[in-house]
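These numbers come from a predicted model, not from an experiment.
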Amino acid sequence: MSLWKIAWRSIQHRALASSLTAFSMSLGVALIVTVIVIYGVLDQSFRRSAQGYDLIVGPKGSALELVISTVFYQREPIGKIPYEYCTELRSGRYRNVVETAIPLALGEHYRGMPVVATTSDFFNKLEYRDGRKYTFWKGKNFSDGDYFDAVVGYAAAQKNGLKVGDKFKTMHGKDADAEHQAEYHVVGILNPTGTPNDQALFINIEGFYDMHAGQESVLDESYRLKTPKPAVADSQEPADDHDHDHAEPHDHAAELKNESEAHVAEHDHDHDHAEAHDHAAEVKTEPGKHAHEHDHSAPKEVSAVLVLTKEERTKTSTTKDIFGREESVIGGHSTTKAVYDPNVMALPERIDADLNAQAVRPTEIIAFLFEKIIGNIQIVLLILAALVIIVAGIGMMVSIYNSMNERRQEIAIMRALGARRTTVMSIILLESILLSLGGGAFGVLIGHTLMFVFGPLISSATGISVSALHFQWAELVLVPGLVCLASIVGYLPAVIAYRTDVAQSLQ
């Protein structure tokens, strides 16, 4: 009979004590697995969420809050900047460096989910997760000419039961009581991306401006809508002038000496009234496009602008990428050296100096967030999990140690049948290793089961999809770690078994 089988039979003989010992070990392993996997998934998803663009231009203030509100939609926007900044970045003084600039207007919500006002370039020109293009599960991208078309993220569509062809109304702020009157028509649903965009609804930014037409500003400093003017204000003013004009021609006619002049004045009044009536009917017929074409009183403002820089190609055969690295082709082989392009590398500083805004690199902010803040939290959780495993290991050692008094006769019989001291010691160590590996395997199963149970809650809170099938290579480190721990905690009982006196134990 092999030593592994003898150790396994010994564990079966003490099934209850062995099961409780292995279970205490599994709890610590489950905690470590959960922390490692969730941290890895969040790290990858958060970093990849901002890979489709190089800069975020937004109001001056906290760079971290700007990234959190723009990339993850987890906070209200910190302010607003003029829409002209987007045009300046795209076709103004920065056009030699900027490939495209995509505006974002935030602050609207639908049933607690963020609504992002943007352009069709968001899905046509941006990428996500290592160069992947946005694709549609159903429908298509909205066009810039259709003001009230919308694209819905996969998770948002599933949660709210939205389908292509459905309509929805937005509200300003998560706690707002009243919805806007404008309805948006769903024309496309995105495929899952594993990013916060799965939880968002995207509307045409022109429809967003039309919805807020007639206000002094699209958003105020606290991002609460100001009291809008009546939708038919233009038609009401001529109506008020109707009474005034009607009375005025009547009084004037009484004073006119020429009856024909009174007739002319009355004719002018009827013409003004008819013109005002036609204008009111026109506003009522085309509330979206007409308001956009005729109401320019409200300045256009955005919450942020996503900037994608272009590769700088010189007149020679040298290529510079957006990070300022210079690549030359020599004899069919490419050589790369770090040569920083001042136009590209200094773009955030130029924007900060030229415009009343800040430009941040989201990848740097997210790296700082994970390394300095979330990374420290992970270390604390891992230390706590390690302490749980150590305590479980000590409990395992105590359990095996206490069983040695009961097993002295068993060990003495093995020795009498010819087993060496090292063989008896190896059996005790193997028993400890089997308990550790069994508890570790069960802990891994518990950890991934917890992710299956709490994955939807994490997804709804962060917009990040966490599945029970997610695996991190760091989990493999648990196997040698548990073997080492089992060897340490099983050493003392094994030494006791090694020193067992055969004659005394047989008596």
Side-chain angles (χ1 to χ4, degrees), residues 22-51 67-68 71-74 128-132 153-156 158-159 191-200 362-363 365-393 435-486:
F23 181 72
S24 62
M25 180 71 69
S26 66
L27 293 180
V29 173
L31 180 58
I32 287 183
V33 168
T34 304
V35 172
I36 290 177
V37 173
I38 291 180
Y39 178 85
V41 172
L42 292 179
D43 184 25
Q44 293 177 5
S45 183
F46 275 37
R47 292 177 189 272
R48 291 173 178 176
S49 296
Q51 286 183 352
V67 171
I68 292 176
V71 179
F72 309 114
Y73 318 123
Q74 292 299 312
Y128 74 98
R129 299 189 67 176
D130 302 324
R132 300 183 185 180
Y154 183 83
Q158 296 297 317
K159 185 175 180 179
N191 275 317
T193 62
T195 68
N197 291 331
D198 291 344
Q199 304 284 335
T363 53
I365 300 299
I366 294 173
F368 171 81
L369 174 66
F370 272 85
E371 292 173 4
K372 301 298 183 181
I373 301 177
I374 300 181
N376 294 333
I377 298 176
Q378 183 203 26
I379 292 174
V380 172
L381 291 177
L382 290 178
I383 291 175
L384 293 176
L387 290 176
V388 172
I389 292 180
I390 292 174
V391 171
L435 287 174
S436 296
L437 291 179
F442 188 59
V444 172
L445 179 61
I446 292 176
H448 285 272
T449 303
L450 289 176
M451 285 182 286
F452 173 78
V453 174
F454 294 104
L457 297 178
I458 298 175
S459 178
S460 61
T462 64
I464 306 301
S465 176
V466 179
S467 170
L469 300 179
H470 280 122
F471 175 81
Q472 297 294 320
W473 290 107
E475 295 180 62
L476 297 179
V477 181
L478 291 172
V479 176
L482 289 175
V483 171
C484 293
L485 178 64

Side chains of Leu382 and Ile36, heavy atoms from C-beta outward: is any pair under 4.5 Å? yes

Would you say Ile446 and Leu450 make side-chain contact, with heavy atoms under 4.5 Å?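 Side-chain contact under 4.5 Å: yes.
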
Going from [atom1] on [X] to [atom2] on [Y], what distance comes out if it is rounded to the nearest 0.5 angstrom?
X	Y	atom1	atom2	answer
Leu482	Met25	CG	CE	6.5 Å
Tyr73	Thr195	OH	OG1	7.5 Å
Ile389	Ile32	CD1	CD1	3.5 Å
Ser24	Leu435	OG	CG	9.5 Å
Leu31	Leu27	CG	CG	9.0 Å
Thr34	Leu381	OG1	CG	10.5 Å

If you apply the rule side chain to side chain contact (heavy atoms under 4.5 Å, CB included), what do you find for Val35 with Leu384, and how did you get there? CA-CA 11 Å; Val35 172; Leu384 293 176; over 6 Å; no

Smallest separation among heavy atoms of [X] and [Y], with atom names:
X	Y	value
Ala156	Ala200	CB-O, 3.9 Å
Ala385	Gly28	CB-O, 4.0 Å
Ser26	Gly439	CB-O, 2.9 Å

Looking at residues at least two apart in the chain, or sitting in another chain, which of them share a side chain to side chain contact (heavy atoms under 4.5 Å, CB included) with Tyr154?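 Scan of Tyr154 (side chain to side chain contact (heavy atoms under 4.5 Å, CB included), adjacent residues dropped) gives Trp137, Gln158, Pro192.
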
If we check side-chain contact (heavy atoms from CB on, under 4.5 Å) with Val444, which of these qualifies: Val29, Thr449, Val37?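 One option only clears the test, and that one is Val29.
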
